Asks: 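Let me begin by handing over the structure; questions about it come next.
Remember, it's a predicted structure, so these values are computed and weren't measured experimentally. First the proteins, then the strands, lettered A, B, ... as listed; each starts at 1.
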Amino acid sequence: MAKKKHHAQHKTAPALFKDIQLIRQSDAEWQIPQQSPMRVPCHVFATDAVRATLDSATLRQACNVATLPGIVTASMVMPDAHSGYGFPIGGVAAFDPDAGGVICAGGVGFDIACGVRTLVTGLTPDDVLGKRTQLADALFRSIPCGVGTGGAIPLTSVSLEAMLTGGAKWAVAHGYGTQADLDHTEEGGFMRGARPEFVSAEAKKRFMDQLGTLGSGNHYMEVQRVTDIYDATAAQAFGIAVDDILLSIHCGSRGLGHQIGTDFLPRMADKADYFGITLPEKELACAPIFSDLGQEYLGAMRAGINCALANRQVLTHLARGVFAECYSHSRLRMIYDVSHNTCKEEQHVVNGKKRLLHVHRKGATRAFGPGHPELPAFCRSVGQPVIVGGSMGTPSYILAGCTDSAKSFCSANHGAGRSMSRTTARKTIHGKDMLAVLDRMGITIRTSDMRSIAEEAPEAYKNINAVVEATEKAGLARRVARAVPLICIKG
DNA sequence: ATGTTC
């Protein structure tokens, strides 16, 4: 009734936050003070060097997030942040369901549970250098990649439902890995509370032939060499040493997660009036956690998390086959698997009081510190492995969560972060030249689409060393190891 | 990110 009359107001985004001031708190922390209609301030984690990479669109989006009902403490911005769909990529926000808190589909992102897992191969640099072309070709042949590419492992509607509930655990039960893999995966390999019945038939249909596929964009499978160890104790706990050869897999939930976002965003936007939520922009559409729609999205999103975990598990199995084909002594032992597009229910201490919050991490990695009760035994004493994937041709880092990471609801950055849009990168960078440069650097690339080489060029990303330095200086996570790429299979 | 602008 009266609600209907104001419907148009919610459709039009008012020009909020024209004047955004960053107030320095320390070497690597800034605050954007709360101003109406923000409910909380923004906390921005950046050194001076990284602050220059945070454009006004990103900060405005962080302020928009700060207006949402039930947000706790602050809207947070990681050092790798850049603007995304509604909600910054590299954004973290926690909501209290008991305070009217919301679940925001744009705060998770389209590629639900996109993430990285890194394994130690048991090989030496000489093993790889001696068979560089053979290994690259074998990986490229066996790992389906690219837009619209299907895999070799078809699902049935029955097995798909089980996979959406069981995640990597389902994959292991079907022969695609080991219990040890699950012990080194967030959530022990599967997300509780998945509700496949809230995933649309269309989303399910899109994934029927996508299990064990890499996808496109920034997704990759990369062979890396460890060049530096910064924290010997944590490196030992993670089982990494200098000159170890690693395999990193970066991918997500493919068409299924994307379709969940596509399905729920308009449903949330349409019900903003009904829920009495004033949206700063439509792209931030959300629903109260304690609403049918909010619960449906959470159930579907958790199924999407399981989909991504199963996908990375099957890709691991495929990679093991390739390595076994090329080497008699490889073993591909998991370090850890982290997701960086999620919303998870977690207990956090806020002003000395324990609260159960829904923590959105969009392009941000969970970074539980030492002693966190949810951590598996292998890393309990040193903190969670935080895998920070580099862009093509640049180093990756393995960090560890710190006690101080509590200030960001136990979150850290997930990568370098884009500094150039895909469109600009395509216009200014030539994929073929890029490949030649990388080849001279000793990096072998195989790709299904030359356009992604331009889009994913190192120049299109922030300097990962500077980003990681900011994360460390802010106390969110500390450096454990650095690795450089040798072979990269690009989607 | 994405059956690459259903």
Asks: A/Asp111 CG to B/dT4 P: how many Å, rounded?
Replies: 15 Å
Asks: Would you say the side-chain atoms of A/Arg195 and A/Gln295 include a donor-acceptor pair closer than 3.5 Å?
Replies: no
Asks: Taking CD from A/Glu202 and C1' from B/dT2, how many angstroms apart are they, rounded to a whole number?
Replies: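 Taking atom C1' of B/dT2 as the reference, CD of A/Glu202 is at 13 Å.
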Asks: Rounded off to whole Å, could you give me the CD-to-P distance for the A/Gln259 and B/dC6 pair?
Replies: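 Atom CD in A/Gln259 sits about 12 Å away from atom P in B/dC6.
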Asks: Return the value, rounded to whole Å, for the distance between atom CG of A/Leu256 and atom C1' of B/dT2.
Replies: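 It works out to 12 Å between those atoms.
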Asks: Starting at CD1 of A/Ile112 and ending at P of B/dT2, how long is that distance when rounded to a whole Å?
Replies: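 After rounding, the reported distance stands at 12 Å.
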Asks: With heavy atoms under 4.0 Å as the rule, sort A/Glu455 into base, sugar-phosphate or nothing.
Replies: nothing
Asks: May I ask you to evaluate whether A/Arg451 reaches the phosphate of B/dT4, defined as a side-chain N or O under 4.0 Å from OP1 or OP2?
Replies: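 For A/Arg451, the contact criterion (side-chain N or O under 4.0 Å from OP1 or OP2 of B/dT4) is not met.
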Asks: Quick one: is B/dT2 close enough that its OP1 or OP2 comes under 4.0 Å of any side-chain N or O from A/Ser216?
Replies: yes
Asks: Between A/Glu296 and A/Arg267 (salt bridge meaning N to carboxylate O under 4.0 Å), is one present in this structure?
Replies: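 Salt bridge between A/Glu296 and A/Arg267, a charged N being under 4.0 Å from a carboxylate O: yes.
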Asks: Within the 4.0 Å heavy-atom criterion, would you say A/Gly257 contacts the bases, only the backbone, or no part of the nucleic acid?
Replies: nothing
Asks: To the nearest Å, how far apart are A/Gln210 CD and B/dT2 C1'?
Replies: 9 Å
Asks: A/Glu456 CD to B/dT2 P: how many Å, rounded?
Replies: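 That distance rounds to 11 Å.
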Asks: Would A/Arg366 and A/Glu187 pass as an ion pair if we require N to O under 4.0 Å?
Replies: yes
Asks: State whether A/Phe17 and A/Arg60 meet the cation-pi test: NZ (Lys) or CZ (Arg) under 6.0 Å from the six-membered ring centroid, and within 45° of the perpendicular axis.
Replies: no
Asks: Give the rounded distance in Å between these two atoms: CG of A/Leu265 and P of B/dC6.
Replies: 17 Å
